[in-house]
Amino acid sequence: MKQHAPACDRNQAFILETLAGILPGKKNLLEIGSGTGQHAAYLAPQFPNLTWFPTDLEENLASINAWCNDSPAANIETASVLNLATGQWPVKSCDAVVCINTIHIISWELVEKLFTGAANVLSKEGVFYVYGPYEYENEPLAESNQNFNAWLQQRDPASGIRKFEKVNELARKNDLIFQFDKSMPANNRSICWKKV
Ligand SMILES: C[S@@+](CC[C@H](N)C(=O)[O-])C[C@H]1O[C@@H](n2cnc3c(N)ncnc32)[C@H](O)[C@@H]1O
């Protein structure tokens, strides 16, 4: 049942370090695109005072639950379906939304639905954290990200590394106020907005 993504092994400690700066005091965290479930299983035990709600497409739920059942954490809910295309979200309210390595996989239309949905469920002062590769105006993409982007677009022309400025504008339109954009290993970024 347990799927394994080597990238999670590489990035989870760095993501933990960043989340440690924004999650204290938060109570309910919704994860979008939980994938294998490795991040939920690794990260949730580090924040025992919040409840972690993993989600993904139906086909990934078995792996997420297998990882989370083997985790020492008592604060992870059974994984729920959240398909951004449907607009149906399994929680009505939360104070943190996390979305790791997913924005470049989904179409721009679904990125828009992601931001609208996150803004809709987040309570005031709630945080929206994303991790992944981004492109910046007037800055060439690193060679590794150029290759990754070409691979993504060959696989699915609707996917691809997003422009930070466009994503940040989408956040602003949804009343999500920019907090930080931090460089991470392997040309990735940690970006955070706060709901006002
Ligand atoms: C590259 S994986 C990242 C998974 C995990 N967050 C990680 O870092 O390993 C992208 C994830 O997006 C999910 N995804 C794709 N389309 C989606 C959709 N329409 N709604 C929600 N999640 C979707 C995939 O199922 C997959 O788990």
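Whatever order the structure lists ligands and atoms in, that order sets their numbers, starting from 1. Just so it is clear, the structure is predicted and the values come from calculations on it, not from any experiment.
- Side-chain atoms of Tyr129 and Thr18 form no donor-acceptor pair, as typed in the model, at a separation below 3.5 Å.
- Residue Tyr42 qualifies as enclosed at atom OH: its count of foreign heavy atoms under 6.0 Å is above 12.
- Ordered by chain and residue number, the residues placing a heavy atom less than 4.0 Å from ligand 1 are Cys8, Gly33, Ser34, Gly35, His39, Asp56, Leu57, Asn60, Leu82, Asn83, Leu84, Ile100, Asn101, Thr102, Ile105, Ile106, Leu110.
- Side-chain contact check for Asn75 and Thr51: no donor-acceptor pair (N or O, by modelled atom type) lies under 3.5 Å.
- No cation-pi contact links Lys113 to Trp108, judged by a cut-off of 6.0 Å to the six-membered ring centre and 45° from its axis.
- Of the N and O atoms on the side chains of Ser107 and Glu109, not one donor lies less than 3.5 Å from an acceptor on the other residue.
- A side chain to side chain donor-acceptor pair (under 3.5 Å) check over residues 60-72, counting only residues at least two apart or in different chains, returns the pairs Lys2-Asp70, Asp56-Asn60.
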